[in-house]
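The block underneath contains the structure these notes are about, expressed in structure tokens.
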Amino acid sequence: MSGGPYSYSYIFKYIIIGDMGVGKSCLLHQFTEKKFMADCPHTIGVEFGTRIIEVSGQKIKLQIWDTAGQERFRAVTRSYYRGAAGALMVYDITRRSTYNHLSSWLTDTRNLTNPSTVIFLIGNKCDLDGQRDVTYEEAKQFAEENGLMFVEASAKTGERVEEAFLETAKKIFQSIQDGRLDLNAAESGVQHKPSQTGRTTLSNDQQPNKDTCSC
Amino acid sequence: MGSVDLLSLVQSGFTGETVLACLEVSKMQGWVRTTRYLAIISKSGSSAFFVLTSTRVPPISPADVSVEGIVPIDSNFKFELDTETQHEDGHDLYLSVSSNKSKLLFEMMPSSKSNAFVGELYKAVDNVVRKSGPLEYNWLNRYPPVIRHDCSDNGLKEEVQDSVVDSPDSLSLPRESIAKGSTPIAARESVIRYMMSKKEDQYMYKQSFRIFVGTWNVNGQSPTADLTEWLSCDVDPPDIYAIGFQELDLSTEAFLFNDTPRENEWYKAVVSGLHNGAKYTRVKLVRLVGMMLVVFVQEKLRQYVTGVACDTVGTGIMGKMGNKGGVGVRLDFHSTSICFVNAHLAAHVEEYERRNQDYRDIYSRMCFSSHHPPKTIKDHDHIYWLGDLNYRITEIDPKYVKDCVERDSFQKVLEYDQLIKQCRAQTVFVGFKEGSITFKPTYKYDTGTDNWDSSEKNRAPAWCDRILWKGESIEQIEYRSHPFLKISDHKPVSSLFDAKVRIIDAVKYRKIHEEVMKKLDKLENEFLPQVTVETTEITFDTVQFLVPQSKNLIIANTGQVPVKFEFIKKLDDPYYCKDWLNIEPYLGDVIPGEKCEVKVEVRVDKKSAYKLNSGQDQLYDILVLHLEGGKDIFITVSGNYERSCFGTSLETLASIKEPIREISLGSIIDKEKKKDSFSSGEGTYAVPKEVWFLVDHLYRHGTKAKHLFVQPGLHSEIYDIRDWLDNGSQESLPGSVYSVAEALLLLFESCPEPVIPYEMHTACLNCASNFMQCKQIIQGLTYHRKNVFIYLCSFLRELLSHSDDNGLDTKTLAALFGGIFMRDKPVPRDVSKPRSSQQQLDRKKSIFIYHFLVNDYPDLLPPLVSS
Ligand SMILES: Nc1nc2c(ncn2[C@@H]2O[C@H](COP(=O)(O)OP(=O)(O)OP(=O)(O)O)[C@@H](O)[C@H]2O)c(=O)[nH]1
Ligand SMILES: [Mg+2]
């Protein structure tokens, strides 16, 4: 059995931010467990989730930090932005206030992350179209004006949830390939594990020597 | 524990055997790894791979060690090293050991010890290959009953037990030991690999393919005959061809320079002889002098052939020249590794020992090093061995041989076949199979005829040209010679095999891989540190100056793994909690099912009171409870601070006529902001009324009290005094004079700034020996501060006038009040100043004050106490 296809070669750190109740934890849960949590308690702290995905044939481990959205924790959750390669900024399409607060979330993100951090805007709860309070068009425009990627998604149905997480990873991966993202920078939010191919035999000088054989 | 110690310790437990090597490793079992000791143990020429457990890690006596499993190092034994998986903490090395269907995976630290162990393992395996004669493993029978490997060949009883190799589906988790933290969780990648290989049956299926293997010693002849008769004699076209020749060219040129035109001639002849029922493509051609092997596969199957590599081994003179030896081609067909070896072993009738040796040389030396990782012959699932092996018929009358074979009665003659005899004796081709021979000997004929060689009348014909195989799911369909081809003194031989090859069902593979990943994700979550705290909000009702209050936060480990928790700092904060908070313990370990009580204590003291009084801070903090390797939980601590004159600036206190609690918080904050504007003294008391109340009380009741200011008061009385001052009362001041004296000191201590402000301290200390200059400094103080200073000093002089009663002396009071009036700036938690310089400072402070306790200073304005 070759071990190659199973190991991952990158770790990307993501943060999920946005007002309380917009569905950040549900999005994370949907992404990692493919399930919807109907009554999810408020996040009091920072939850942690991981999943391994594949982008351009590369295995990438996403390390996702789901932050508390309550205003009173705002100052504390700022500690967690540092070193994020991706930021998923979430609002609730049925609550205008959560959309209005985006600019302040965006300011925090820009101030506390680095320029190559990919920011992805998610308008969540798009399954509740009847209660819509924010139009797709205005959010799309907001995203364009601020250079953000954007989808409307639903943590309930799972619609476009994968897309948001995966597109973010693709963009980060592109940045790495373009050289825009410096892997060596301490706060790039990406860890690279140079992939090792091939099994090797031990030689006496303890250097894995590819040409050694037991004959 | 050093390897030498371990080795000798293990050795002393195996009295009858020799322990060649010993190593501590981790055994991978599903999701976890546990400590094991591996030993290579030998006796009577054979050796075995022992897996040992120990009741103590590391073992300190042979009695600690017991045998968990044994794998005989025989021809079925295989091992592989894998350094592919890399971890944050460096390279781990995986050793996988297999024997028949059993698999074991161990993880070891790369080191000279593991190197040495692997070296011994190589040697032991090599020994099996090189050994002539069967190996004897009966000595292993004394270790019942955990052996599970199929050792029937070796006369060992076969038992199945799960202690060594766990069943494919079990993710048997020693939860308890995980919970106790004694079993580290194995690296995810290696677990996935392990689990996938355990589930191979579920996504691999087998499909049959026809493999045609042919061999012909052509005695240096050109291909003047049509080979279809040999290569295309079957109805259906084979899927793979492996065709070997020997003595392709007998010229010196070929021998010395390994160059021959015959290669191409014969290659062309072969190509035109291939079955015309299918299109073939060449996979590989390899030649060493006269030995050539060419492998073809049907064009439509070429895409499933990967990892093609070849090698040659000369066993001629000096083990080098290529007149004898072998050539090999290896490839992966779907997921089965296949190796074809075409050999030409030593000639001469009696030389079967040399032939055996040539076989062992080829078997051990052939190495496909362009393949990653390098593979040797034994590393393959299917091995086909063909060639002119040169074994003869001996110890029987040649004439009788000829008679028998003429009548097609081969069985009797085959009893005298050297190869069959040597195989039975397990001196050669151990583990290989050969089909029963139903064709006439293939050597030696008069060229161009079917007649036995006429030059040497007395030599028996022989089955020099043979085809053997090794591996599971291979079935021989045909084994035959092709006597119609007469151009050589040998007849070609061929065999048709039905070989079942393992194919990965991509869809099933994905599905199972996904399942494994899901399971691991779930396990990974399951093994994330999990705790519950019964509340994330700790609320204190009323918090008063100096009165400690505490609540317990219970951290319960509700997860599967031990938890390390720690309260950590927030971004840019100097400390994990505010200075009015104390957390005990602020870090710790909790094992699953257990709880840890953390005491959260609020205590507003002289350091933190001012900030709370003045509204710069609130009794509100968010603590970050961090679980190592897991989530963070925010714990909010809050309470109501009852404002007090303690922790209020002298200016603000002087400007308040009412007890402080009758004033709104807002106006105190306001006053604190504007406190500098009260420095003129307008509309304020000359000294804060609280100072006056306390001093006046002491003046009236305490001047004769023994050791006033030296003897401490009582906490409870100090609280009462605080309440009296803060709320106002008609009653007289409660508590003893000692408590009152301490309350007075505390009042100054909790002011945001000492009576002599910080920025003047250096000047004070510099002129401490000069009273004139000291007076000037006091003259330069702001209104309230100067008043307080002189008022206090006057009171202290009054006290000193009663020193006969109260036992006080000037030096003591000067030192005490030097520290009060010129209190040092608070230092952050955990920082301590060097003591010597502090002593010097303190001495100078007390000299400064001393002047004012022994001299008159009518030139300084007397304190004005308005009321
Ligand atoms: N209909 C619908 N409800 C959703 C969706 N996503 C989340 N919810 C609900 O919205 C509520 C809040 O979701 P959470 O995921 O807890 O929100 P949050 O952003 O994590 O909130 P905080 O942890 O307080 O910051 C829950 O009751 C969810 O069931 C969605 O896509 N559709
Ligand atoms: Mg949440």
Side-chain angles (χ1 to χ4, degrees), chain A residues 1-9 11 29 32-34 41-53 59 61 65-68 70 72-82 112 191 193-215, chain B residues 80-88 91 93-94 96 110-112 114-115 118-119 122 125-126 188-190 192-194 196-197 200 311 313 364-369 372-376 513 517-518 521-522 524-525 528 536-537 569-572 622 624-625 629-636:
Chain A
M1 289 295 312
S2 150
Y6 309 117
S7 38
Y8 51 87
S9 38
I11 302 175
H29 199 74
T32 56
E33 311 263 318
K34 300 197 166 57
H42 280 303
T43 305
I44 311 290
V46 176
E47 299 275 346
F48 179 76
T50 82
R51 203 182 118 182
I52 293 173
I53 57 160
K59 299 269 171 190
K61 180 170 187 161
W65 298 89
D66 163 35
T67 62
Q70 291 178 58
R72 64 195 177 107
F73 295 128
R74 193 76 180 263
V76 189
T77 50
R78 285 195 181 103
S79 308
Y80 295 85
Y81 286 57
R82 203 175 270 176
L112 296 162
Q191 288 173 49
K193 321 200 316 171
S195 67
Q196 272 221 328
T197 51
R199 288 161 206 194
T200 51
T201 50
L202 271 191
S203 61
N204 288 333
D205 59 3
Q206 219 189 306
Q207 277 293 313
N209 181 347
K210 284 171 186 158
D211 295 318
T212 313
C213 63
S214 61
C215 53
Chain B
E80 216 165 66
L81 284 172
D82 177 1
T83 54
E84 192 160 352
T85 318
Q86 202 196 7
H87 303 282
E88 278 89 53
H91 302 257
L93 200 57
Y94 292 94
S96 76
S111 70
S112 54
S114 55
N115 246 355
V118 173
Y122 271 125
V125 171
D126 215 36
R188 183 185 170 104
E189 289 85 12
S190 46
I192 296 173
R193 190 137 34 102
Y194 177 73
M196 285 309 287
S197 79
E200 258 173 33
D311 192 33
V313 171
S364 62
R365 279 170 51 199
M366 188 167 285
C367 178
F368 304 98
S369 53
H372 263 295
K375 294 243 180 211
T376 59
H513 186 247
M517 296 287 271
K518 232 189 213 165
D521 274 338
K522 217 177 137 236
E524 201 162 316
N525 284 332
L528 276 180
T536 54
E537 316 250 337
K569 286 198 296 191
K570 297 173 283 276
L571 191 70
D572 303 331
I622 297 173
V624 181
L625 173 60
K631 63 178 179 181
D632 291 1
I633 300 168
F634 297 162
I635 311 284
T636 308

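All chains are named by letter (A, B, ...) in the order of the sequence lines, taking the proteins before the strands, and each is independently numbered beginning at 1. Hydrogens, waters and symmetry mates play no part in the numbers below; they use all other heavy atoms, side chains included.
- Residue contact with chain B, scored on non-hydrogen atoms closer than 4.5 Å, involves the side chain of A/Ala68 exclusively.
- Among A/Ile44, A/Leu112, A/Asp66, the residue with the largest count of heavy-atom pairs under 4.5 Å with chain B is A/Ile44.
- Note on B/Ile622, B/Ile635, B/Leu625, B/Thr536: by heavy-atom pairs under 4.5 Å with chain A, the leading option is B/Ile622.
- Residues satisfying the salt bridge (Lys or Arg N to Asp or Glu O under 4.0 Å) test with A/Arg82, not counting sequence neighbours, are none.
- Residues passing the side-chain hydrogen bond (donor to acceptor under 3.5 Å, both in side chains) test with B/Thr636 are A/Arg72, sequence neighbours excluded.
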